[in-house]
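Notes follow the structure.
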Amino acid sequence: GNSRMSAQLGHSAVMTCPNKTDIAMVTWKISPKSGGPCTLGYRADQNKTDRTNCSDSVNWKSRPDHDHTLEIQQVGMADEGNYSCEVVNEEGNFHQMHHLTVLVPPRLALYCDDRRNPVCEAAAGKPAAEISWDPGSNSTPKADSHDNGTVTVLSRFTAYGTHGKDATCIVSHATLKVTKSIDCSS
């Protein structure tokens, strides 16, 4: 089977293998988006593990002879990618594929520009944050993509027919939902 999962930057991610008995071998094949592939292996007949090109943060969650679960401690942007587990026993080969997406909470800022318009910014988030306003605004958020896959979204509050500069910015993101208010009238 295939599963899509996400983990927040700096948090841990746990991925499971097919749960089978009388295991002969377990192999994790990891293909990150950036950097080279890595493998973790376990052979039951020799009670032996090996690792090739894996960072220290990628490891067995506990003892591979009891539990084939993979754990990434402090997930980084480079950990995003495909994680495939193969379990071999007398019945055959069993596969489990996980696609890991790394979520990055945006840094939030709300301020008044030089024309006293409220400006809301959600910097370096992944995926891009969504910004809305209360009262409603007809502003179009501007998104800037960065090389590391994060996106900064900036929205300037503009409302026709109202003289008030008192606005609430609503930022929605996979890692958070935040409401901040500002009064730029004075």
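For this chain, numbers begin at 1 and follow the sequence in order.
No side-chain heavy atom of Val75 sits under 4.5 Å from any side-chain heavy atom of His11. Within the 4.5 Å cutoff, the side chain of Cys169 has heavy atoms near those of the Ile131 side chain. The shortest distance between side-chain heavy atoms of Val153 and Glu130 does not fall below 4.5 Å. Side-chain contact check for Tyr83 versus Ile72: some heavy-atom pair is nearer than 4.5 Å. Two residues are said to be in side-chain contact when any heavy atoms from C-beta on lie closer than 4.5 Å; Thr101 and Lys126 meet this criterion. Taking the side chain as every heavy atom from C-beta outward, Asp67 and Trp60 never approach each other to under 4.5 Å. Here the side chains of Cys17 and Gln96 are not in contact, with every heavy-atom distance at 4.5 Å or above.
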Inset, instruction - Dump the intermediate steps for salt bridge (Lys or Arg N to Asp or Glu O under 4.0 Å) on Asp144 and Lys142, then the final yes or no. - result: CA-CA 7 Å; Asp144 283 323; Lys142 187 169 141 313; 3.1 Å; yes

Please table the atom pairs, donor to acceptor, closer than 3.5 Å between any side-chain atom in residues 102-118 and protein atoms at least two apart or in another chain.
{"residue": "Asp113", "atom": "OD1", "partner": "Arg115", "partner atom": "N", "Å": "2.9"}
{"residue": "Asp113", "atom": "OD1", "partner": "Arg116", "partner atom": "N", "Å": "3.0"}
{"residue": "Asp113", "atom": "OD1", "partner": "Asn117", "partner atom": "N", "Å": "2.7"}
{"residue": "Asp113", "atom": "OD2", "partner": "Arg156", "partner atom": "NH1", "Å": "2.6"}
{"residue": "Arg116", "atom": "NE", "partner": "Ser186", "partner atom": "O", "Å": "3.3"}
{"residue": "Asn117", "atom": "OD1", "partner": "Lys165", "partner atom": "NZ", "Å": "2.7"}

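No more than 12 heavy atoms of other residues, nucleotides or ligands shown are found within 6.0 angstrom of CD on Glu90. For Glu71, the CD atom counts as densely surrounded, since its 6.0 Å shell holds more than 12 non-hydrogen atoms of other residues, nucleotides or ligands. Met25 CE: 12 or fewer foreign heavy atoms inside a 6.0 Å radius.
One hydrophobic cluster, built from ILVMFWY side chains closer than 4.5 Å, cannot hold both Leu70 and Val88; they sit in different ones.
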